[in-house]
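Read through the structure below, which is laid out as structure tokens, and then see the notes.
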2 protein chains.
Amino acid sequence: MINYPFGIQIDETKKEKTNKNSYKNRGLTLESLLNEANSYYISVDKALIYKKPTPIQVVKINKDNIINEAYFKSPSTTDYNGIYKGKYIDYEAKETKSKTSFSLNNIKKHQITHLLNVEKHCGIAFIIVYFTVLDEIYIYPSFNLNKIIESNKKSISIEEFRTNGHLIKLSVTPKLDYLKIIDRIYF
Amino acid sequence: MINYPFGIQIDETKKEKTNKNSYKNRGLTLESLLNEANSYYISVDKALIYKKPTPIQVVKINKDNIINEAYFKSPSTTDYNGIYKGKYIDYEAKETKSKTSFSLNNIKKHQITHLLNVEKHCGIAFIIVYFTVLDEIYIYPSFNLNKIIESNKKSISIEEFRTNGHLIKLSVTPKLDYLKIIDRIYF
């Protein structure tokens with residue numbers, strides 16, 4: 001801590017942190033970052049990528065068309081899909097508090113199968129994982145996912161993300177400019 | 001009506017109808033036909049096309065995770081999307097009782113904009129309309145839709161569907177083998 005005249009105190013560690021590529025210090029969730037990025041891409045006509053609605057099983061609707069009994073259902077596919085540079089793009093987004101690995105319990109087996117199927121059909125498929133404590137967001141392509149599944153692993157280590165995944169650095173507009181990484185991997 | 005011996009009566013008009021390519025006589029909805037077709041395409045690894053969940057705004061959830069107040073929201077995009085032969089495919093499905101035209105009131109303006117955007121991004125985009133009384137189902141590509149919108153028309157006539165749309169004839173497996181038509185139009 002440095003004491004400046006007039007009683008101003010600047011915490012140098014904090015100063016450094018806010019200068020860093022930090023999502024955490026801004027209190028941002030992965031969903032809000034992706035929504036901002038996708039809205040931006042649509043607005044500049046770069047890509048058309050939307051989040052799918054949460055699947056809900058409606059049981060009762062009253063006469064005013066208000067749903068008064070419904071249940072959350074398990075999604076049959078993934079969170080986001082759309083089109084980028086003429087290619088079909090499909091991904092699942094997840095956050096984890098772990099500092100060491102991403103547990104595959106966080107993602108349903110049929111969702112992984114779906115991503116691998118998309119790849120087989122020549123689409124772009126990946127998971128995007130936000131390690132909230134580490135403050136790091138990675139794109140992890142489906143072609144690496146396949147390897148993990150075949151080796152019967154229960155989680156993907158942070159080292160694996162750092163080696164075969166792709167870190168997304170904080171940008172200005174949009175903050176999470178993940179298509180820049182997609183360009184590097186697929187185009 | 002022909003009177004056969006033993007009191008058997010066969011309605012010749014009905015007989016002819018059931019022999020025809022008829023969806024109506026089987027009591028099928030367009031949604032059930034599309035679901036059957038898409039499930040079939042996934043099972044034989046021909047395409048990955050899914051219906052998006054209905055968007056619902058959840059207001060109250062009780063302690064057992066049961067939703068007890070929620071509202072239907074207007075969809076931001078279309079009903080179905082996915083990948084076919086490496087291409088992004090996106091469409092909206094509608095039924096109409098009209099025998100003469102399909103009113104554009106049945107489809108939201110932003111949904112039409114979305115379909116035209118998909119086309120601009122080199123995806124396959126169309127509407128699929130079931131004229132239930134006529135018992136005819138048509139694929140109407142987005143490149144024709146553009147023409148209709150530009151001329152400020154409020155509906156698409158059945159003649160227009162018959163001229164620039166593509167009738168889907170009843171098949172065996174799947175009943176609504178609409179990708180056969182997509183092959184003819186786009187590949």
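A note on names: the letters A, B, ... follow the listed sequences, proteins ahead of strands, and every chain is numbered from 1.
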Can you measure from NZ (A:Lys51) to OG (B:Ser76) and round to the nearest 0.5 angstrom?
-> 11.0 Å
Nearest 0.5 Å please: distance from the CD1 atom of A:Ile67 over to the CD1 atom of B:Ile67.
-> 8.0 Å
Tell me, side chain or backbone of [X] under 4.5 Å from chain A's heavy atoms, or both, or neither?
{"X": "B:Asp64", "value": "neither"}
{"X": "B:Lys73", "value": "neither"}
{"X": "B:Val58", "value": "side chain"}
{"X": "B:Lys46", "value": "backbone"}
{"X": "B:Ile42", "value": "neither"}

Do the side chains of [X] and [Y] join up, straight or via other hydrophobic residues, at under 4.5 Å, putting them in one cluster?
{"X": "A:Ile124", "Y": "A:Tyr88", "value": "no"}
{"X": "A:Val59", "Y": "B:Val59", "value": "no"}
{"X": "A:Val133", "Y": "A:Leu170", "value": "no"}
{"X": "B:Ile61", "Y": "B:Tyr71", "value": "no"}
{"X": "B:Ile181", "Y": "B:Tyr84", "value": "yes"}

Heavy-atom pairs under 4.5 Å with chain A are the metric here; pick the option from B:Asp90, B:Asn68, B:Thr77, B:Ile83 that has the most.
-> B:Ile83
Does the ring centre of B:Tyr50 sit less than 6.0 Å away from the ring centre of A:His114?
-> yes
Start with the C-alpha gap between B:Asn65 and A:Phe72, add the side-chain angles, then the distance that decides, and say whether side-chain contact (heavy atoms from CB on, under 4.5 Å) holds.
-> CA-CA 8 Å; B:Asn65 214 28; A:Phe72 290 106; 4.1 Å; yes
Are any non-hydrogen side-chain atoms of A:Thr54 and B:Ile56 less than 4.5 angstrom apart?
-> no
Taking [atom1] in [X] as the centre, count heavy atoms belonging to other residues, nucleotides or ligands within less than 6.0 Å. Is the count above 12?
{"X": "A:Lys108", "atom1": "NZ", "value": "no"}
{"X": "B:Lys99", "atom1": "NZ", "value": "no"}
{"X": "A:Lys180", "atom1": "NZ", "value": "no"}

What pair of heavy atoms forms the shortest contact from [X] to [Y], and how long is it?
{"X": "B:Cys122", "Y": "A:Gly86", "value": "CB-CA, 4.3 Å"}
{"X": "A:Asp45", "Y": "B:His121", "value": "OD1-NE2, 3.0 Å"}
{"X": "A:Ile66", "Y": "B:Glu69", "value": "CG2-CG, 4.2 Å"}
{"X": "A:Pro55", "Y": "B:Pro53", "value": "CA-CB, 3.7 Å"}

Could you walk me through whether B:Leu48 and A:Val118 pass side-chain contact (heavy atoms from CB on, under 4.5 Å), step by step?
-> CA-CA 7 Å; B:Leu48 302 173; A:Val118 168; 3.8 Å; yes
